[in-house]
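Before any comments, here is the structure.
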Amino acid sequence: MAKASCVSTPPSVNKAWIYREHGETAHVLKFETNVAVPQIKEDQVLIKVVAAALNPIDAKRILGVFRDSDTALPIVPGYDVAGVVVKLGSKTSNFNIGDEVYGDINEESNINLKKFGTLAEYTAAEERLLALKPKNLSFVEAASLPVAIETAYEGLKRVGLSAGQSILVLGGAGGCGTHVIQLAKHVFGASRVAATASTKKLDLLRSLGADLAIDYTKENVEDLPEKFDVVYDAVGQSDKGVKAVKEGGRVVTIIGPITLPASMFVLTSTGSILEKLKPYLESGKVKPVIDPTGPYPFSKTLEAFAYLQTSRATGKVVVYPIP
């Protein structure tokens, strides 16, 4: 039974960022005011979007990297969402109208992608991909989490990081890396966490739980006398990672090319990871990290993408409010 709510009936059209051809984001992504609101399937809910985060994979998708497996144009991009449930599919049971939820709406990162993403006033998602928003987090904070924190968690599970082990995080100040540090320390129980970043971001690494903050502009991790049980590469430097890992250790990367014996994976999104991490988020042990240049107004989405593509972002780039 849906609980009483002041949520209004959703319209048939909404405002959204949409692209009708592949290319550079700045050239092809356009703001339109008359885009159809997605029709929900029986296992989906319709979400009134309050905030959405940008990811490098959004720009790759717009460029056409996944065109062979992607849905047909035109496409509204966007993976990460935080918002309010306004309509329920006939076979949903986890949520009520009015619930505040968040999640990554694309179950697989590069196949079966949704035509209607999160850079719109409304988006649809399977309820298994969503979780209730932690009450202590704002919508902006919640929107910053799903892709990054789920990727961090799945990578750490895949390499089997366990309590008492050491880990090196390559790219510790980025969207994923900031969560790898926190999860390794506070969830997986790593005894020693080292991470790389540029000079100005070393204090951030320490504040997130890094025991050793390495300035990559001054030190080469492969030359460190210390070696690590696990290396998590979040920036595409598995060639360095394999030189910094202990013999018999494990290296995981999320960006190619891959230098063996490193392994690479693609995230499978699920709300169950968000539910599992909820106690850590609510207690403040694990915190969202949002780039200080944002959040960006919805109207400044192109500027937000331009900044994201400089690869200088700290944590996540979020657009808000919508619209």
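Computation of the quantities below employed the complete heavy-atom set of this structure, encompassing side-chain atoms and omitting hydrogens, waters and symmetry-equivalent molecules.
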Do any N or O atoms from the side chain of Thr178 and from the backbone of Gly174 form a donor-acceptor pair under 3.5 angstrom?
yes
Provide the full list of salt bridge (charged side-chain N to carboxylate O under 4.0 Å, His left out) pairs with a residue in residues 189-203, sequence neighbours left out, each pair given once.
Arg192-Glu226, Asp203-Arg206
Residues in salt bridge (charged side-chain N to carboxylate O under 4.0 Å, His left out) contact with Glu107, at least two apart in sequence or another chain
Arg128
Flag, side chain of Thr259 to backbone of Lys240, donor-acceptor distance under 3.5 Å
no
Apart from Met264 itself, which Ile, Leu, Val, Met, Phe, Trp or Tyr residues share its cluster (side-chain heavy atoms under 4.5 Å, direct or through members)?
Ile258
Residues pairing under ring-ring contact (aromatic ring centres under 6.0 Å, His included) where one sits in residues 150-176, two or more places apart or in two chains, turn out to be Tyr153-Phe188
CG of Asp104 to CG of Leu267: how many Å apart, nearest 0.5 Å?
6.0 Å
Do Ile111 and Phe66 touch side chain to side chain, with heavy atoms closer than 4.5 Å?
no
Taking the basic N atoms (NZ, or NE/NH1/NH2) and the acidic carboxylate oxygens, is any pair closer than 4.0 Å for Glu222 and Lys243?
no
Take the angle between the ring planes of Trp17 and Phe31 and call it parallel below 30°, perpendicular above 60°, tilted in between.
tilted
Out of curiosity, Ile273 CD1 to Lys276 NZ, how far, rounded to the nearest 0.5 Å?
7.0 Å
Close side-chain approach of Val289 to Leu208, heavy-atom, < 4.5 Å:
yes
Side-chain donor/acceptor of Asp291 to backbone N/O of Ala313, under 3.5 Å:
no
Can you tell if the side chain of Thr196 reaches within under 4.5 Å of the side chain of Val221, non-hydrogen atoms only?
yes
Salt bridge (charged side-chain N to carboxylate O under 4.0 Å, His left out) partners of Asp80, counting only residues at least two apart:
Lys316
Quick one: salt bridge (charged side-chain N to carboxylate O under 4.0 Å, His left out) partners of Lys246, sequence neighbours excluded?
Asp229
Under a 4.5 Å cut-off applied to non-hydrogen side-chain atoms, are Leu170 and Val231 in contact?
yes
For residues 209-254, pull every pair meeting ring-ring contact (aromatic ring centres under 6.0 Å, His included), keeping only residues two or more places apart or in separate chains.
none
Work out which heavy atom in Val81 is nearest to a heavy atom in Thr123; give both atom names and the distance.
CG2-CG2, 4.1 Å
Step by step, would you call Thr253 with Asp233 a side-chain hydrogen bond (donor to acceptor under 3.5 Å, both in side chains)?
CA-CA 5 Å; Thr253 185; Asp233 167 37; 2.6 Å; yes
Leu29 versus Ile18: any side-chain heavy-atom pair under 4.5 Å?
no
Minimum heavy-atom separation for Ala148 and Gly175, please, with both atom names.
CB-O, 3.2 Å
I want to check something: taking the side chain as every heavy atom from C-beta on, are Asp99 and Asn94 in contact at a cut-off of under 4.5 Å?
no
For Ser162, does its backbone N or O pair with a side-chain atom of Gln165 as donor and acceptor, under 3.5 Å?
yes
Spacing of Ile105 atom CD1 and Tyr79 atom OH [to the nearest 0.5 Å]:
9.5 Å
Which pairs with one or both residues in residues 166-184 pass salt bridge (charged side-chain N to carboxylate O under 4.0 Å, His left out), sequence neighbours excluded?
none
Output the distance between atom CG (Leu168) and atom CG (Leu224), rounded to the nearest 0.5 Å.
7.5 Å
In terms of heavy-atom contacts, Ala131 and Leu274 come closest through CB-CB, 3.7 Å
Rounded to the nearest 0.5 Å, what separation is found between the CD1 atom of Ile290 and the OG atom of Ser138?
6.0 Å
What residues form a salt bridge (charged side-chain N to carboxylate O under 4.0 Å, His left out) with Arg250, not counting sequence neighbours?
none
Within the 3.5 Å criterion, strictly below it, is a donor on Tyr296 or Ser299 matched to an acceptor on the partner's side chain?
no
Pairwise side-chain hydrogen bond (donor to acceptor under 3.5 Å, both in side chains) hits with a residue in residues 25-35, at least two apart:
Arg20-Glu32
OG1/Thr270 to CD/Glu275 distance, rounded to the nearest 0.5 angstrom?
9.5 Å
Neighbour count above 12 (heavy atom, 6.0 Å) for Lys278 NZ:
yes
Between Glu282 and Pro134, is there a donor-acceptor pair closer than 3.5 Å when you use the side chain of the first and the backbone of the second?
no
Summary of salt bridge (charged side-chain N to carboxylate O under 4.0 Å, His left out) pairs that have at least one residue in residues 134-150, sequence neighbours excluded
none
Would you say Leu281 and Leu145 make side-chain contact, with heavy atoms under 4.5 Å?
yes
Examine distances only and state if a side-chain atom of Ser166 and a backbone atom of Ala190 form a donor-acceptor pair shorter than 3.5 Å.
no
Flag yes if more than 12 heavy atoms outside Arg158 fall under 6.0 Å of its CZ atom; otherwise flag no.
yes
Cation-pi check, Lys48 to Tyr122: give yes when NZ or CZ is under 6.0 Å from the six-membered ring centre and within 45° of the ring axis, no otherwise.
yes
Return each pair, listed once, that meets side-chain hydrogen bond (donor to acceptor under 3.5 Å, both in side chains) where at least one residue sits in residues 179-188; pairs must be two or more places apart or across chains.
Lys185-Asp211
Heavy-atom check, side chain of Val84 versus side chain of Ile47, under 4.5 Å
no
Flag, side chain of Asn106 to backbone of Glu108, donor-acceptor distance under 3.5 Å
no
Between Arg67 and Gly64 (side chain of the first, backbone of the second, donor and acceptor by atom type, cut-off under 3.5 Å), is there such a pair?
yes
Passing candidate, side-chain hydrogen bond (donor to acceptor under 3.5 Å, both in side chains) with Gln44, options Glu126, Gln39, Lys87, Lys114:
Glu126
Nearest heavy-atom contact between Ala184 and Val193 is CB-CG2, 4.2 Å
